[in-house]
Amino acid sequence: MTEIDIEKENKAIAQEYKELLRISYQTLSPTDKKLIRKAFDVAVDAHKEQRRKSGEAYIFHPIAVAKIVASEIGLGATSIAAALLHDVVEDTPITVEDIERLFNPKVAQLVEGLTKISMVQKDLNASMQAENFRKMILTLNDDVRVILIKLADRLHNMQTMESMVEYKQTKIASETLYIYAPLAHRLGLYNIKTKLEDLGLKYTEPAVYEDIVSKIRETKEEQDAYIKDISDVLKKSLDAENIDYIIKGRPKSIYSIRRKMRSQNVSFDEVYDKFALRIVYKCDSHDEKFIAWKIYSIVTDHYRPSPSRLRDWISSPKSTGYEALHITVMGPKGRWVEVQVRSERMDEIAEKGYAAHYKYKNGASEESGLDVWLNLLREALENPETNAVDFVEDFKMNLYSQEIFVFTPKGEIKSLPKGATSLDFAFSIHSEIGIKTRGTRVNGRLVPLNHELKSGDQVEVITSANQKPTINWLDYVTTSRAKNKIKNVLNENTKKIAEEGKELLTRKLKHLKITINEQVTNELVNFFRLKTSLDLFYRVGIGAIENQQLKDYAAQKSNTIINFFKNKIKRNKDTAAEDIHKPVISSNYDMLVFGTEHDKLDYKLSQCCNPIPGDDVFGFVTINEGIKVHKKDCPNAIGMQSNYAYRIMSAKWIDSSQEEFKAIINITGMDVLGLTNQLTKVISNNMSVNIQSISLSTDAGIFHGQVAVIVKNNTILKKMISAIKKIDGVDKVTREYRT
């Protein structure tokens with residue numbers, strides 16, 4: 001770099017620093033500014049020799065993270081300083097002890113937490129990434145700000161990924177959609193959640209992302225004009241009532257449009273609420289509720305509301321702290337529009353999460369505001385000993401779940417995830433009550449333990465001192481708290497039975513002149529096709545393994561040559577039997593090539609998404625079934641690419657002339673005369689398509705059809721779908737994916 005370039009870069013760095021102080025959400029005292037300046041100077045010096053992949057000075061990254069922490073998350077000086085220093089321990093000779101000496105223990109603790117997240121050793125027995133997530137999630141027990149700064153770090157990494165290689169972009173984007181976006185959601189950081197989701201989609205499904213972006217651009221003028229029409233109507237009435245407000249038009253996020261298109265099997269044009277109107281009003285705290293309902297009244301005077309889509313999060317705020325009134329109304333031209341009503345305070349909490357909460361509590365400090373957020377997330381951390389992938393799956397499920405509100409017999413309100421059962425409710429009161437639950441009453445009526453609760457239900461738990469959980473209870477609950485408690489009790493019982501089983505097995509083998517040791521135990525585990533020695537001892541303890549089976553093992557052990565052949569024959573039989581029941585299409589042709597070297601490897605096509613030639617695909621190395629091929633937009637892709645990135649292989653089709661593939665097509669429409677004939681004619685006229693099965697039904701004038709066809713590739717399938725869509729009466733044609 002020339003001296004002029006260096007001078008220009010230094011000016012840009014100084015400018016970024018000034019901008020950081022200017023945009024801070026908190027009011028910074030002279031002491032705060034001094035702390036931030038010192039952190040800035042240390043970071044600039046520590047990173048002075050480093051550059052990012054794009055070529056720019058590395059220091060721009062920590063400054064950008066600090067800016068997100070300061071303005072979008074709204075944290076104070078301690079967190080801004082930690083954000084500026086978040087990479088120094090990992091990337092430079094500076095230690096945590098140096099930071100504690102230069103600054104204070106709190107800044108050092110945050111930087112150490114952030115360093116712990118980054119420096120994870122590879123665990124060969126579990127997913128490295130799941131292990132990474134688990135360690136990251138467990139840092140919540142120290143200080144939730146570690147996660148908030150990590151979210152800012154992830155957002156900036158997502159915003160600057162252009163110069164990375166494609167497989168890294170996919171891996172990082174998948175992790176983001178899998179864990180970071182749900183975390184931002186649970187912490188009430190909706191702006192950051194939306195940005196993370198949209199950027200995640202940009203790199204996991206680039207074609208879909210670009211398509212939606214271009215369609216939003218095309219319709220922007222029309223949407224703006226539509227929102228202006230509604231705003232103009234509402235403004236007159238709001239002004240007449242002397243309400244101090246602003247109206248903002250808000251398009252739905254790209255990711256949420258994609259999710260709707262997928263879940264409802266509709267095209268972009270058919271997503272009916274692609275935008276929302278937000279009315280943010282100013283008022284005194286004691287008038288907040290009154291004015292919200294006044295605005296509701298004004299909106300519904302002009303536009304007819306959908307009663308089933310009213311969401312009152314003012315009377316019962318979400319557990320994230322979110323408060324608002326959501327009204328869906330029928331706007332002009334017969335379009336549904338969502339109107340969100342919030343006070344300025346509610347709007348700030350929705351944008352900034354917990355930072356805004358303590359701002360509105362007189363005299364509260366940043367530290368005291370943290371407890372609320374820690375409690376939100378601690379529940380899912382109750383049993384960190386479980387398998388890393390299961391732990392992360394459970395935790396993730398708890399992050400994104402919608403909420404219902406139910407009542408105790410005394411009228412107290414309890415928040416539970418949507419889909420929770422009456423047994424989940426019992427465990428939410430107290431784990432001891434959950435374990436002793438004998439029955440439950442909902443609204444005075446006795447219901448099964450797996451009864452799904454709805455908002456407004458009043459639930460009573462009937463307990464018994466003699467009651468114990470059974471294995472079936474795991475199917476009756478959905479919350480990780482209940483699952484973990486039940487597993488703990490079951491594990492204790494299992495261990496007791498297994499100890500008795502081990503003694504019993506030792507005695508039985510002694511009669512057969514076999515001494516139990518580690519090798520014998522492993523042989524028995526394999527012989528009975530179990531996973532662990534605990535499974536073996538438990539089955540002996542409950543009497544599931546009979547004496548004759550142990551004699552068979554002893555006889556087999558005495559002749560290893562016969563044993564070898566028996567196993568070989570048995571394995572072949574099992575494989576054949578599996579093939580009969582498992583219609584997985586195996587390929588021996590050079591249909592797919594893997595990796596950068598275009599290797600030709602054996603593979604199986606995954607049944608969850610049924611890929612066919614022409615689809616964008618990737619390979620996933622399984623433990624027992626070799627390489628499984630999935631579509632890139634497979635419902636399970638995000639989880640696999642996130643948890644098991646090291647098992648993902650790039651793959652692409654190279655020849656599709658020698659094999660045929662199955663695709664299932666769902667068709668709906670109006671039951672017009674001759675539709676069935678037309679349909680079969682269109683499919684059978686296409687020489688490259690064979691119908692495997694067809695089922696058609698009509699219900700009150702609506703036609704439903706499902707056709708399983710055998711095709712050579714995606715191009716032929718698309719051509720056929722296009723022809724079906726042209727048939728008179730057909731409304732929608734979609735390809736089915738099995739989750």
[Y] and [X] side chains, donor-acceptor separation under 3.5 Å:
| X | Y | answer |
| --- | --- | --- |
| E288 | Y281 | no |
| R345 | S285 | no |
| D312 | H326 | no |
| Q50 | H47 | yes |
| S29 | D32 | yes |
| Y209 | D198 | no |
| T328 | E338 | no |

**OP:** Go through the steps for V208 and M261 under the test side chain to side chain contact (heavy atoms under 4.5 Å, CB included), then give the verdict.
**Re:** CA-CA 11 Å; V208 173; M261 285 165 66; 5.7 Å; no
Spatial distance of atom [atom1] ([X]) from atom [atom2] ([Y]) [nearest 0.5 Å]:
| X | Y | atom1 | atom2 | result |
| --- | --- | --- | --- | --- |
| I349 | E344 | CD1 | CD | 12.0 Å |
| T78 | L35 | OG1 | CG | 6.0 Å |
| L325 | I295 | CG | CD1 | 9.0 Å |
| L148 | S79 | CG | OG | 7.5 Å |
| R145 | I147 | CZ | CD1 | 13.0 Å |
| R258 | Y255 | CZ | OH | 9.5 Å |

**OP:** Check the pair D224, K220 against salt bridge (Lys or Arg N to Asp or Glu O under 4.0 Å), reporting the backbone distance first and the verdict last.
**Re:** CA-CA 6 Å; D224 289 349; K220 190 176 185 315; 2.7 Å; yes
State whether the side chain of [X] and the backbone N or O of [Y] hold a donor-acceptor pair below 3.5 Å, judged by distance alone.
| X | Y | answer |
| --- | --- | --- |
| S24 | L21 | no |
| Q169 | M164 | yes |
| D424 | T421 | yes |
| D287 | F290 | no |
| K454 | V406 | no |
| T219 | K215 | yes |
| S231 | I227 | yes |

Subject >> E162, CD: over 12 other non-hydrogen atoms inside 6.0 angstrom >> reply: yes
Original post:
Is the NZ atom of K248 crowded by more than 12 outside heavy atoms at less than 6.0 Å?
Top reply: yes
Are any non-hydrogen side-chain atoms of [X] and [Y] less than 4.5 angstrom apart?
| X | Y | value |
| --- | --- | --- |
| F268 | I257 | yes |
| L189 | I73 | yes |
| V280 | S343 | no |
| K414 | I429 | yes |
| L85 | L110 | no |
| E112 | I99 | no |
| F103 | V111 | no |
| H185 | Y190 | yes |

Original post:
After noting the C-alpha distance and the side-chain angles of L196 and K193, does the key distance pass the side chain to side chain contact (heavy atoms under 4.5 Å, CB included) rule?
Top reply: CA-CA 5 Å; L196 289 173; K193 177 198 91 157; 5.9 Å; no
Provide the closest heavy-atom pair for [X] versus [Y] in the form atom of the first, atom of the second, distance.
| X | Y | answer |
| --- | --- | --- |
| V69 | A152 | CG2-CB, 3.6 Å |
| Y203 | M158 | CE1-O, 3.9 Å |
| S315 | K289 | OG-CE, 3.9 Å |
| A66 | A83 | CA-CB, 3.7 Å |
| A324 | R342 | CB-CG, 3.7 Å |
| V88 | A46 | CG1-CB, 3.9 Å |

Subject >> Pi-cation contact, F60 with R52 (under 6.0 Å, within 45°) >> reply: no
Original post:
Any cation-pi pair here, K282 with Y245, using under 6.0 Å and within 45°?
Top reply: no
**OP:** Decide yes or no on side chain to side chain contact (heavy atoms under 4.5 Å, CB included) for T479 and K483, but give the supporting numbers first.
**Re:** CA-CA 6 Å; T479 58; K483 275 185 184 169; over 6 Å; no
Subject >> Of E351, E197, R154, E72, the residue whose pairing with I192 passes side-chain contact (heavy atoms from CB on, under 4.5 Å) >> reply: E72
Subject >> Stepwise side chain to side chain donor-acceptor pair (under 3.5 Å) test for R22 and Y17 >> reply: CA-CA 9 Å; R22 191 183 66 76; Y17 172 72; over 6 Å; no
**OP:** Give the intermediate values and the outcome of side chain to side chain contact (heavy atoms under 4.5 Å, CB included) for residues V341 and Y296.
**Re:** CA-CA 8 Å; V341 180; Y296 169 82; 5.8 Å; no
Original post:
So K67 and E16, salt bridge (Lys or Arg N to Asp or Glu O under 4.0 Å) or not? Walk me through it.
Top reply: CA-CA 9 Å; K67 281 167 76 174; E16 287 289 301; 3.0 Å; yes
